[in-house]
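Beneath this line is the structure, given in structure tokens, with notes to follow.
Per chain, numbering begins at 1; letters A, B, ... match sequence-line order.
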Protein chains: 2
Amino acid sequence: MIAGNFFSKNKMVLLYGASLAILLFLLKWLELRFIIYDYSFEIYAGSIALIFTSLGIWLALKLAKPKMQTVIVEREVYAGADFILNAKEQAALGVSKRELEVLELMAEGLSNDEIAGRLFVSLNTVKTHSSKLFEKMEVSRRTQAVEKGKRLRLIP
Amino acid sequence: MIAGNFFSKNKMVLLYGASLAILLFLLKWLELRFIIYDYSFEIYAGSIALIFTSLGIWLALKLAKPKMQTVIVEREVYAGADFILNAKEQAALGVSKRELEVLELMAEGLSNDEIAGRLFVSLNTVKTHSSKLFEKMEVSRRTQAVEKGKRLRLIP
DNA sequence: TTCCGGGTCATACTTTAGGGTGATTTTATC
DNA sequence: GATAAAATCACCCTAAAGTATGACCCGGAA
């Protein structure tokens, strides 16, 4: 992409040079035909113009180069910071705080054993919590609990 | 698109050529009017150099401008309702359509057996799909797969 | 004080999920 | 038509999840 642009730019410069040369020759020809004042002066002026134009181009390209390296790639930040717990649903289902904690960790994809480690309790305790949670939420699997929990806004 | 670019570039060149011709003619005209090449040849040459250098700079900047427009800013606010599958991630992970279907049903909280019934395939097939899916997604549990799938926008 | 709900833990058991291997068939793709 | 990828299915085994039951502790309410 960048190399392509550079190539096209060079191409442009060359094209410009060619057209300039053609123009100058055309001028020269016209000059020779109609007004022949100073022969060597025209060549001198033309070459000066050519050289300094190319110098200007080169200078500008050289100076503008660092300016063009603005490559910005922005990705999403996974918004959803605005989570408010649906306390009514929680109360309606009779889900306790601890059970909600378990549900949250379930949603993160943790196993019962990992949840036990996270909450500093035994595996059996987590199992008890999850069992009661499933009963209260009227589901039979952790995946269902997570899905329903997200739907009822018990978890983000 | 490409033809258009080329045309506009050529247009630029032609425009430049025209302006160059005009400038040269103007110079010629000035020359004829005041006859400056006798005593101030240096001034003449210097002004030519100056004019054409700035012309070159201007030209180069003009041509370099479209290069700066290649900046693509991708901002996502994650509205929620409009789900668009992240095909890049799917391709990057090598997740097939069928595996995505299984993942979707997993996210709904269905068991492997239920997924098998939904897709009219055997339980073993679902297991194979899920196994490959987990391998590709680099997870080890369905809950993790669902969580990561939602995060990478493979599923709503 | 008694009672109850929440939290803790344990044991035993069943079900589901997941890993590994191998095979066949369909479907693109070159 | 050969090749590769996807989809299908089976069997075996282990790990994890889920069910059932019982027990203990603790703090607040009746």
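Look at CG on B:Leu119: it is 11 Å from P on D:dA7, rounded to the nearest Å. A:Arg142 places its CZ atom 14 Å from the C1' atom of C:dT15, with the value rounded to the nearest Å. Remark: P of C:dA28 and NZ of B:Lys97 are 7 Å apart, rounded to the nearest angstrom. Across the protein-nucleic acid pair, A:Met106 atom CE and D:dA16 atom P stand 15 Å apart, rounded to whole Å. Here the P atom of nucleotide C:dG6 and the CD atom of A:Gln90 are 11 Å apart, to the nearest Å. The CD atom of A:Glu138 sits 13 Å away from the P atom of D:dT19 (whole-angstrom rounding). Whole-Å rounding puts the A:Lys132 NZ to C:dG6 P distance at 7 Å. Computed from coordinates, the A:Leu123 CG to D:dA15 C1' distance equals 12 Å when rounded to whole Å.
Contact annotation: B:Ser122 side-chain N/O to D:dT8 OP1/OP2 distance is not under 4.0 Å. Contact between the side-chain N/O atoms of B:Arg141 and the OP1/OP2 oxygens of C:dG18 is not found at any separation under 4.0 Å. One finds a side-chain N or O of A:Ser96 lying less than 4.0 angstrom from the OP1 or OP2 phosphate oxygen of C:dG7. Proximity of B:Thr125 to the phosphate of D:dA7: no side-chain N or O atom is located under 4.0 Å from OP1 or OP2.
A continuous path of Ile, Leu, Val, Met, Phe, Trp and Tyr side chains, each step under 4.5 Å between heavy atoms, connects A:Leu133 with A:Val139, placing both in one hydrophobic cluster. Linking ILVMFWY side-chain heavy atoms closer than 4.5 Å, directly or via other members, places B:Leu152 and B:Leu105 in a single hydrophobic cluster.
When all heavy atoms of B:Lys148 and B:Met137 are compared, the pair lying nearest together is NZ-O, 3.0 Å.
A:Asn112 comes within contact range of the sugar-phosphate backbone alone, with a heavy-atom separation under 4.0 Å but no base atom that close. Residue-level contact check: A:Thr128 touches the bases, meaning some heavy atom is under 4.0 Å from a base atom.
Projected onto DNA chain C by closest heavy-atom contact, A:Asn124 and A:His129 fall at different nucleotides, the more 5' of which corresponds to A:His129. Nearest-nucleotide assignment on DNA chain D puts the 5′-proximal partner with B:Arg98, out of B:Arg98 and B:Lys127.
The pair A:Glu114-B:Arg141 counts as a salt bridge, with a side-chain nitrogen and a carboxylate oxygen less than 4.0 angstrom apart.
The closest side-chain donor-acceptor pair between B:Ser131 and B:Thr128, if any, does not fall under 3.5 angstrom.
For the helix from C:dT1-D:dA30 to C:dC30-D:dG1, the angle separating the two terminal helix axes comes to 50°, with each axis derived from five pairs and the value rounded to 10°.
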Could you walk me through whether A:Lys132 and A:Glu99 pass the salt bridge (Lys or Arg N to Asp or Glu O under 4.0 Å) check? CA-CA 8 Å; A:Lys132 291 197 171 190; A:Glu99 286 160 359; 5.9 Å; no

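Considering only heavy atoms from C-beta on, B:Val126 stays 4.5 Å or farther from B:Asp113 through its side chain.
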